[in-house]
Protein chains: 2
Amino acid sequence: MTARARVKIKDVATLAGVSTATVSRALSAPDSVGPATRKKVMEAVKATGYRINSAARDLRQRRARSLLILAPNLSNTFFSRIFAAVQEEASSVGLTVQISDSRIGRDRLLSLGYDGRADGIVLLDGGLDPEVVNGWRLPLIQLSEWNDAYDAPRLGIDNHAAAGLAVDHLVGLGHRSILHVNGPEENVLAITRRQGFLDAASRNGAEATVFPGDFTLESGAEAARRWAGLDNRPTGVFCASDECALGFVSECIRLGCDVPGDVSVVGFDDIDFADRFVPSLTTIHQPRLEMGRAAVKQVVAMMQGTPKAETDATGTPPERIEATLVERASTGPAPA
Amino acid sequence: MTARARVKIKDVATLAGVSTATVSRALSAPDSVGPATRKKVMEAVKATGYRINSAARDLRQRRARSLLILAPNLSNTFFSRIFAAVQEEASSVGLTVQISDSRIGRDRLLSLGYDGRADGIVLLDGGLDPEVVNGWRLPLIQLSEWNDAYDAPRLGIDNHAAAGLAVDHLVGLGHRSILHVNGPEENVLAITRRQGFLDAASRNGAEATVFPGDFTLESGAEAARRWAGLDNRPTGVFCASDECALGFVSECIRLGCDVPGDVSVVGFDDIDFADRFVPSLTTIHQPRLEMGRAAVKQVVAMMQGTPKAETDATGTPPERIEATLVERASTGPAPA
DNA sequence: GAATCACGTGTAATCGATTTCACAAGGTGC
DNA sequence: GCACCTTGTGAAATCGATTACACGTGATTC
């Protein structure tokens with residue numbers, strides 16, 4: 001409550017009549033000091049309103065009790081729930097969270113993982129320069145997106161198989177010609193989903209078409225206009241993201257087509273609006289809460305020294321988290 | 001590139017044949033060392049791959065070059081764009097960003113603003129214990145939400161007036177009976193918007209009704225069901241948030257009502273989906289990018305020592321950022 | 001030519017914690 | 001009653017930077 005100068009451990013020590021070493025121990029390992037001393041210290045702490053100075057502790061302990069989250073676009077709605085999960089889990093084990101757009105300058109980026117402010121990284125971007133990523137000597141986990149050139153474990157759903165779920169669902173409803181609205185060309189997720197789409201279509205003997213896209217609402221709308229102009233319109237559509245799917249559906253409705261009467265649309269991610277949109281969106285559900293939590297748990301495990309041999313083996317199979325298809329109102333039987 | 005132990009300033013100094021003081025100066029104030037020395041140092045830095053240890057620098061300089069953002073719910077789509085703006089602006093002035101849910105435990109929260117890890121706070125939550133907030137002795141700005149008990153400047157739109165815009169718009173379209181779906185009882189934004197709604201309705205001589213809500217999609221849907229059960233349904237609806245409005249509209253459509261044919265709906269915030277929803281949502285636009293940027297600029301100014309007298313004057317009028325009404329497809333003339 | 005100044009640099013103190021090491025006091029075992 | 005733990009504590013080194021202060025050099029001023 002004292003509004004004077006910052007109180008430091010020395011002040012607490014003086015007030016309690018002990019040494020700073022004892023105060024430090026009383027706070028970080030209460031069992032290592034005598035009960036009477038502990039009580040005196042705690043009282044002095046309370047009386048002075050002492051709060052530790054993290055910089056000093058971080059310096060001495062050479063760690064920051066902090067995690068860094070990097071994502072290519074902080075305003076992306078898909079990420080926000082992951083941020084929340086990561087922050088929650090991190091906070092529960094006493095770690096603070098630093099967040100940054102991963103598309104800041106190369107040098108700034110390098111510094112982030114190098115300045116000792118974080119002691120673990122959750123990376124949601126597979127598009128960074130591998131040299132930068134591998135240059136960091138910090139426990140790091142790739143979440144959702146990945147890059148084979150990164151020398152770090154990954155965590156996420158099986159995107160190839162998930163795309164298959166979408167195709168199987170559409171085929172099961174009788175759709176024989178299916179369109180895929182792709183994500184950005186160079187994005188691993190997009191590439192994997194696209195391949196999963198093609199493989200599943202071929203496995204099911206369905207006709208497959210692919211339109212370019214970039215995960216955004218606009219690209220979905222654009223694809224819808226292009227789709228509307230086709231002679232033989234595919235009756236089933238699998239979009240590489242929910243935003244794209246929502247854009248597609250909106251534009252269809254605007255163009256006077258009925259969803260799912262004229263065309264069935266499946267999205268990917270199950271973002272918050274997916275079930276509130278009209279029609280609600282059939283989509284691939286990614287358990288983002290679970291993903292965020294698992295990522296933190298794994299980074300923390302690495303921080304606590306999982307044997308190096310295990311963590312930096314490039315061949316480590318990615319940890320898999322189950323994705324499921326949620327059937328909603330944007331898909332229905334193929335029109336006759 | 002050397003993969004050996006972390007290199008420190010001493011190593012650079014040795015390699016360059018100068019003292020650590022000179023290295024430090026060469027890096028932080030290049031003009032203060034001779035050109036030849038500077039060159040030697042820079043080369044040594046490059047050769048060793050030296051990166052500063054922030055903990056050491058933070059300790060010595062008693063600052064962290066870091067901003068803390070606090071929001072009541074990190075996965076809220078309204079905030080994500082603000083986060084992005086804050087991060088971008090902060091990064092551009094060399095600050096890193098720490099993020100946390102503001103509804104973590106009181107003690108953890110206190111520590112966040114007290115442990116020297118941040119030297120400025122952007123607070124997006126008006127519902128915290130004022131004792132905690134005022135206990136922090138850090139430049140702090142209230143963004144979007146505010147609390148009169150916080151002893152800190154605020155930044156945001158004029159919510160009272162903005163609600164008026166919504167009402168005026170509906171009245172202008174001929175609606176005489178208007179429903180407001182409120183936000184959480186104790187939330188300042190909700191309270192202010194509600195009051196703005198009531199005042200504007202009375203000023204316009206329109207009939208006003210208020211339903212409870214909590215900003216969520218579900219509460220909007222719930223309100224729609226309740227609205228549908230009324231004998232004399234208001235024809236205009238003003239929701240305290242876009243999510244709520246989207247929930248309301250979705251549910252209306254589900255119930256077979258036409259928007260805006262049977263009922264016109266106005267939202268608040270202009271989140272990303274607002275213009276993609278079908279029908280696209282008429283809403284109050286909050287310039288979140290601008291808000292985030294302005295907040296950072298102001299905190300930074302405070303950090304650099306705007307005279308105390310100015311920054312902690314409780315009577316400082318809140319900085320105002322202009323909100324506008326965006327007319328889209330969810331509102332139309334009142335049915336005859 | 002003495003006094004003064006500007007400039008570049010090094011030495012050492014400093015930031016505020018943690019942790020190693022040493023040691024005193026009291027308890028055990030034989 | 002001696003050797004040997006165990007426990008609790010303090011003194012001082014340490015983490016890795018920044019910076020106050022002092023000093024040497026050469027230029028400027030009168």
Side-chain angles (χ1 to χ4, degrees), chain A residues 4-42 44-45 48-66 94 96 111 114-119 137, chain B residues 4-42 44-45 48-66 94 96 111 114-119 137:
Chain A
R4 43 201 101 264
R6 269 202 82 81
V7 16
K8 24 194 174 182
I9 203 171
K10 184 88 193 304
D11 304 322
V12 177
T14 306
L15 182 61
V18 298
S19 72
T20 62
T22 299
V23 175
S24 175
R25 282 187 288 248
L27 291 173
S28 56
D31 288 338
S32 67
V33 304
T37 314
R38 193 187 318 149
K39 183 147 170 288
K40 271 190 306 182
V41 171
M42 293 313 181
V45 166
T48 54
Y50 171 73
R51 298 269 154 182
I52 202 168
N53 177 316
S54 307
R57 184 230 256 145
D58 292 351
L59 173 58
R60 181 63 231 243
Q61 298 194 325
R62 292 125 148 277
R63 68 208 191 99
R65 293 156 199 272
S66 171
T96 59
S111 287
Y114 228 121
D115 67 359
R117 276 243 186 68
D119 26 36
R137 281 196 292 292
Chain B
R4 45 200 100 267
R6 270 201 81 80
V7 16
K8 25 194 174 182
I9 203 171
K10 186 86 193 303
D11 304 322
V12 177
T14 307
L15 182 61
V18 298
S19 73
T20 62
T22 299
V23 175
S24 176
R25 284 186 288 247
L27 291 173
S28 56
D31 288 338
S32 68
V33 306
T37 314
R38 193 186 318 149
K39 184 148 170 287
K40 273 191 304 184
V41 171
M42 292 313 182
V45 166
T48 53
Y50 170 73
R51 298 268 155 183
I52 201 167
N53 177 315
S54 306
R57 184 229 257 146
D58 291 351
L59 173 58
R60 181 63 232 241
Q61 298 194 325
R62 290 128 148 280
R63 67 207 193 99
R65 293 156 200 273
S66 171
T96 58
S111 287
Y114 228 121
D115 67 0
R117 276 242 187 68
D119 25 36
R137 280 196 291 291

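Each chain gets a letter, A, B and so on, in the order its sequence line appears, and its residues count up from 1. Every heavy atom of this structure was used, including side-chain atoms; hydrogens, water molecules and symmetry mates were not.
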For [X], enumerate each residue passing the side-chain hydrogen bond (donor to acceptor under 3.5 Å, both in side chains) test, keeping only those at least two apart in sequence or located in another chain.
| X | value |
| --- | --- |
| B/Arg51 | A/Ser111 |
| B/Asp119 | none |
| A/Arg65 | A/Gln61 |
| A/Thr37 | none |

Point to revise | salt bridge (charged side-chain N to carboxylate O under 4.0 Å, His left out) contacts in which one or both residues fall within residues 17-38 of chain A, not counting sequence neighbours | key: none

N/O (side chain, [X]) to phosphate O (OP1/OP2, [N]) under 4.0 Å:
| X | N | value |
| --- | --- | --- |
| A/Arg62 | D/dG16 | yes |
| B/Tyr50 | D/dA17 | yes |
| B/Gln61 | C/dC15 | no |

Check your understanding: For the helix from C/dG1-D/dC30 to C/dC30-D/dG1, what angle lies between the axis at the first five pairs and the axis at the last five pairs, to 10 degrees?
Key -> 30°

[N] [atom2] sits how many Å from [X] [atom1], rounded?
| X | N | atom1 | atom2 | value |
| --- | --- | --- | --- | --- |
| A/Tyr114 | D/dG16 | OH | P | 14 Å |
| A/Lys40 | D/dG8 | NZ | P | 13 Å |
| A/Arg57 | C/dT19 | CZ | C1' | 14 Å |
| B/Leu59 | C/dT18 | CG | P | 12 Å |
| A/Arg117 | D/dG16 | CZ | C1' | 14 Å |
| B/Asp119 | C/dC15 | CG | P | 18 Å |
| A/Asp58 | D/dT14 | CG | C1' | 15 Å |
| A/Lys39 | D/dG8 | NZ | P | 17 Å |

Exercise for review: Report the distance from atom OG of A/Ser54 to atom CG of A/Leu59, rounding to the nearest 0.5 Å.
Suggested key: 12.0 Å

Exercise for review: Please list, chain by chain and in numerical order, all residues satisfying side chain to side chain contact (heavy atoms under 4.5 Å, CB included) with B/Leu27, sequence neighbours excluded.
Suggested key: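 Here the qualifying residues are B/Val23, B/Met42, B/Val45, B/Tyr50.
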
Exercise for review: List for me each residue that meets side chain to side chain contact (heavy atoms under 4.5 Å, CB included) alongside B/Ser19, sequence neighbours excluded, and say none if there are none.
Suggested key: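 In terms of side chain to side chain contact (heavy atoms under 4.5 Å, CB included), with neighbours along the sequence ignored, B/Ser19 is linked to B/Ala21, B/Thr22.
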
So does [Y] get a backbone contact from the side chain of [X], meaning a donor-acceptor N/O pair under 3.5 Å?
| X | Y | result |
| --- | --- | --- |
| A/Arg117 | B/Ala64 | yes |
| A/Thr20 | A/Ile9 | no |
| B/Thr48 | B/Val12 | no |

[X], nearest nucleotide to its side chain (from [options]):
| X | options | result |
| --- | --- | --- |
| A/Ile9 | C/dT19, C/dA12, C/dA17 | C/dA17 |
| A/Ser24 | C/dG16, C/dT18, D/dT19 | C/dT18 |
| A/Ala21 | D/dG10, D/dG16, C/dT18 | D/dG10 |

Report, one pair per line, the protein and nucleotides 23-27 of chain D atoms (nitrogen or oxygen only) whose separation is under 3.5 Å.
none

Listing time: all N or O pairs from protein to nucleotides 5-9 of chain C that are below 3.5 Å?
unit_1	atom_1	unit_2	atom_2	d
C/dT9	OP1	B/Thr37	OG1	2.2
C/dT9	OP2	B/Gly34	N	2.7
C/dT9	OP2	B/Thr37	OG1	3.1

**Study point:** Comparing A/Ser28 and B/Arg60 on DNA chain C - which has the more 5′ nearest nucleotide
**Key:** B/Arg60

Check your understanding: Can you name the residues that form a salt bridge (Lys or Arg N to Asp or Glu O under 4.0 Å) with B/Lys10, not counting sequence neighbours?
Key -> none

